[in-house]
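The analysis underlying the following values was restricted to heavy atoms, covering all of them including side chains, and did not include hydrogens, waters or symmetry mates.
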Amino acid sequence: MAARRRGVNRPLLEENDGEGSGTDLSEEEEEVIFNKNQERQPLVKDSDSSDTEISTGMHFDDILRHIGEFGKFQIIKYLILCISSISAGCHMMVAVFIQVLPKHRCMIPGLPNDTYAIQGAWHELLINETIPLGSKGDYFECSLYSNFSYTNATYSCDKWVYDKSVFTATFATDFGLANCGEKWKIATAQIVFMAGVLVGAFVMGALSDAIGRKPTLIISVLLQGVCGTAAAFAPEYYSFIVLRFFVGSATAGLFMTTFVLGMELVGPSKRMIAGISIEYFFAGGLIILTMVGYFLRDWRHIELAVSVPSFAYILYWWFVPESARWLLANGKEDKAEEILRQAAKVNGKVLPEKLFEQVAEDEEEHHGSILQIFRSPRTLVRTLIIFLNWCVVSMVYYGLSLNSGNLGGDIFLNFFLSGLVEFPAYCFCFCIDKVGRKGPHVFGMLLGGSACLCTIFVALYADPGDPNTRWFYIALSIVGKLGATMGFAIIYVWSAELYPTVLRNSLMGFSSTFARVGGMLAPVIANMVTFPGAIGRSAALIVFGAATVFVALLSILLPETAGRELPETIDDAEKVPFFSSAPKAGEDTEKSLPVEPKYTKKDFAYNNPVMEDKV
């Protein structure tokens with residue numbers, strides 16, 4: 001079918017009447033550039049200009065190569081954009097501090113000034129006569145003695161006192177969720193938030209494609225700021241979780257739009273750097289959140305502190321340009337050209353006077369249906385393994401963060417270390433272009449899963465009364481987070497390369513859905529899963545570890561993709577056997593895979609429904 005593609009106009013070189021006209025250029029005088037859809041075209045220096053001009057019919061990425069793939073203009077705009085990722089990190093993990101349920105017990109009837117902290121010998125005696133003791137010497141959280149201690153009969157209480165040595169107030173304490181029959185609401189609040197992230201990923205993604213990246217970004221920051229601020233003043237549980245749902249949707253929109261704008265700013269050889277570098281800002285948000293929680297200690301103040309800065313991102317309307325790719329894909333050539341010329345000027349490059357032209361070509365477009373994978377056994381098995389990877393890495397990544405308060409010791413130190421370990425994890429990911437995707441991914445997942453499973457031995461053999469025992473749990477949890485972070489970053493790149501082109505966007509969208517499902521399972525496992533006996537304290541870590549090791553072993557079935565040709569169709573993907581790599585460029589196959597995919601107008605936009613692995 002006939003398709004239209006936007007190309008780049010290169011003015012024809014006029015004949016030179018002077019000496020030397022008509023002579024052939026040597027190989028040293030020309031730089032050969034290969035178009036994705038056309039024969040090679042030399043990039044020639046004009047005798048009257050030192051500036052290299054752009055070849056006719058080139059792809060948009062070639063413009064970026066000409067003006068600088070990651071020049072001064074892109075660096076400035078990229079860093080400005082990445083600042084908003086700090087807020088995304090804060091909102092994604094703020095539940096660790098605002099939804100924690102501190103130590104508590106029933107309030108002594110008739111003692112309005114009762115406190116969790118013992119006020120004296122008389123207070124301790126009254127507590128012992130009123131509150132039953134558990135097997136570990138701690139007070140029951142939901143029961144009181146009937147008629148003091150003269151009988152073992154107990155009844156449920158409806159008021160509690162809380163340990164305020166860590167937090168002065170939390171969402172759980174203000175809304176009375178200490179009731180043993182109400183504790184499920186704490187995990188449910190986080191599930192609702194992650195459901196908001198899921199909905200926001202699709203709604204904001206579609207909105208971004210329809211009205212542009214920058215308007216969607218502004219809508220997201222406004223929604224995040226308004227709903228986050230309102231959540232800090234929520235009078236009761238249900239209004240709080242509704243507002244948190246919208247905060248989750250806005251956070252997804254903010255982070256994915258920021259990610260896409262950053263990716264569309266840079267050239268193809270710099271996308272790995274741009275895609276991973278933004279994660280450092282997300283991790284930086286976790287460090288900042290630790291400090292906010294440490295100094296404020298009140299959940300309403302913490303929620304305000306992470307929500308109000310969102311309003312500052314409204315300034316992006318004036319400081320961040322719309323995506324030139326999106327503008328060009330939507331027929332707004334004048335605005336796209338204006339942005340590209342501004343970038344070229346800042347980067348010290350010169351663009352031709354006439355930049356864009358319409359080029360008609362006959363291109364064969366491949367289409368595929370998601371149902372086809374059910375008739376393709378290898379592709380189906382690989383797809384299910386990838387979906388399971390997305391679900392588990394998301395579950396473990398968020399679960400280990402949310403579990404920071406259950407490890408014992410200082411919750412702020414635990415969470416700080418959990419955020420800090422993400423920095424070396426992302427550093428390891430820069431090597432995947434050289435050593436491949438499969439090895440680092442499987443290694444990271446096995447490392448993280450094994451560390452979590454090793455908590456079984458700590459629970460069975462370490463002295464629970466020794467205060468140093470908690471450091472074993474903390475250390476193993478941190479190693480687990482390191483592996484999960486590596487897996488999360490790599491699976492995004494790897495799965496996009498494993499999916500055939502005709503279904504890549506659709507399958508990446510489904511992958512994102514499974515990641516959100518994993519995120520919704522995380523608080524349930526972290527807060528509600530228990531095992532009997534000594535290993536009960538390690539219950540969540542055991543589940544996380546077992547799931548991680550299982551998917552790591554399954555991932556061995558997936559082929560390596562680094563430096564390999566990508567499958568265009570499902571038939572191409574089906575020809576790659578298990579445990580093997582896709583063919584290298586130039587290798588003979590029964591049906592050789594296309595070395596370069598063909599591009600159409602839609603390819604000028606960075607159209608990926610997932611946008612980013614974290615949200």
Side-chain angles (χ1 to χ4, degrees), residues 3-11 36 51 53-84 204-222 253-254 256-268 270-271 274 313-360 599-609 611:
R4 297 192 67 81
R5 181 174 56 79
R6 302 195 184 280
V8 182
N9 180 43
R10 178 191 176 203
K36 294 187 181 294
D51 294 307
E53 295 181 326
I54 302 178
S55 175
T56 304
M58 293 171 64
H59 187 256
F60 185 87
D61 285 338
D62 293 313
I63 304 178
L64 294 179
R65 292 187 183 98
H66 177 74
I67 66 175
E69 294 191 68
F70 210 171
K72 182 179 179 181
F73 177 86
Q74 290 102 320
I75 291 173
I76 294 172
K77 302 303 181 183
Y78 178 80
L79 291 176
I80 292 173
L81 281 168
C82 285
I83 293 173
S84 65
M204 294 300 183
L207 193 63
S208 175
D209 288 338
I211 67 174
R213 315 312 193 201
K214 191 162 76 169
T216 304
L217 177 60
I218 300 303
I219 291 171
S220 298
V221 298
L222 281 172
L254 167 62
M256 75 175 186
T257 308
T258 298
F259 178 82
V260 171
L261 273 170
M263 294 292 283
E264 292 181 345
L265 272 172
V266 304
K270 304 298 181 183
R271 286 181 191 145
Y313 304 134
I314 297 173
L315 296 174
Y316 280 13
W317 186 262
W318 295 276
F319 290 99
V320 175
E322 179 56 274
S323 167
R325 286 179 180 272
W326 182 86
L327 290 170
L328 190 59
N330 288 271
K332 301 180 181 181
E333 295 93 342
D334 292 342
K335 292 183 179 179
E337 183 171 346
E338 181 182 347
I339 293 170
L340 289 171
R341 291 193 182 280
Q342 182 186 4
K345 181 179 179 181
V346 174
N347 292 349
K349 302 292 182 179
V350 177
L351 289 174
E353 182 178 350
K354 295 180 180 180
L355 187 60
F356 299 119
E357 67 174 1
Q358 293 284 347
V359 179
Y599 287 89
T600 60
K601 177 178 176 179
K602 64 184 179 182
D603 293 304
F604 283 101
Y606 189 81
N607 267 336
N608 192 323
M611 309 301 184

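- Residues L64 and L265 fail the side-chain proximity criterion, which asks for heavy atoms closer than 4.5 Å.
- Atom OH of residue Y313 and atom CD1 of residue I83 lie 7.5 Å apart, to the nearest 0.5 angstrom.
- Counting all heavy atoms, side chain and backbone alike, L81 lies closest to G262 at CD1-N, 3.9 Å.
- No side-chain heavy atom of K214 sits less than 4.5 Å from a side-chain heavy atom of Y316.
- Looking at H66, its side chain never comes within 3.5 Å of a backbone N or O of K349 through a donor-acceptor pair.
- Closest of all the heavy-atom pairs between L351 and L340 is CD1-O, 3.8 Å.
- With hydrogens and angles left out, the side-chain atoms of R213 and S323 include no donor and acceptor closer than 3.5 Å.
- For the side-chain hydrogen bond (donor to acceptor under 3.5 Å, both in side chains) condition, the pairs that include at least one residue of residues 72-81, sequence neighbours left out, are Q74-N347.
- For the residue pair A336 and A324, the shortest heavy atom distance occurs at CB-O, 3.8 Å.
- Looking only at side-chain heavy atoms (C-beta outward), P215 and W317 come within less than 4.5 Å of each other.
- Residues L207 and M204 meet the side-chain proximity criterion, which asks for heavy atoms closer than 4.5 Å.
- We find the CD-CG distance between E264 and L327 to be 9.5 Å, quoted to the nearest 0.5 Å.
- The CD1 atom of I75 sits 12.0 Å away from atom CD1 of I80, with the distance rounded to the nearest 0.5 Å.
- Looking only at distances, no side-chain donor or acceptor of T257 sits under 3.5 Å from a matching main-chain atom of L254.
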Worked check of side-chain contact (heavy atoms from CB on, under 4.5 Å) between D209 and T216: CA-CA 9 Å; D209 288 338; T216 304; over 6 Å; no
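- A distance of 9.0 Å separates CD in E322 from CG in N330, rounded to the nearest 0.5 Å.
- Residues passing the side-chain contact (heavy atoms from CB on, under 4.5 Å) test with P268 are D61, R65, E69, R271, sequence neighbours excluded.
- At a threshold of 4.5 Å between non-hydrogen side-chain atoms, the residues F73 and I67 do not count as touching.
- Atoms CG and CD1, from L328 and I339 in turn, are 10.5 Å apart once rounded to the nearest 0.5 Å.
- Rounding to the nearest 0.5 Å gives a distance of 8.5 Å between OG of S208 and CH2 of W326.
- Annotation: side chain of I219 is in contact with side chain of I211 (closest heavy-atom distance under 4.5 Å).
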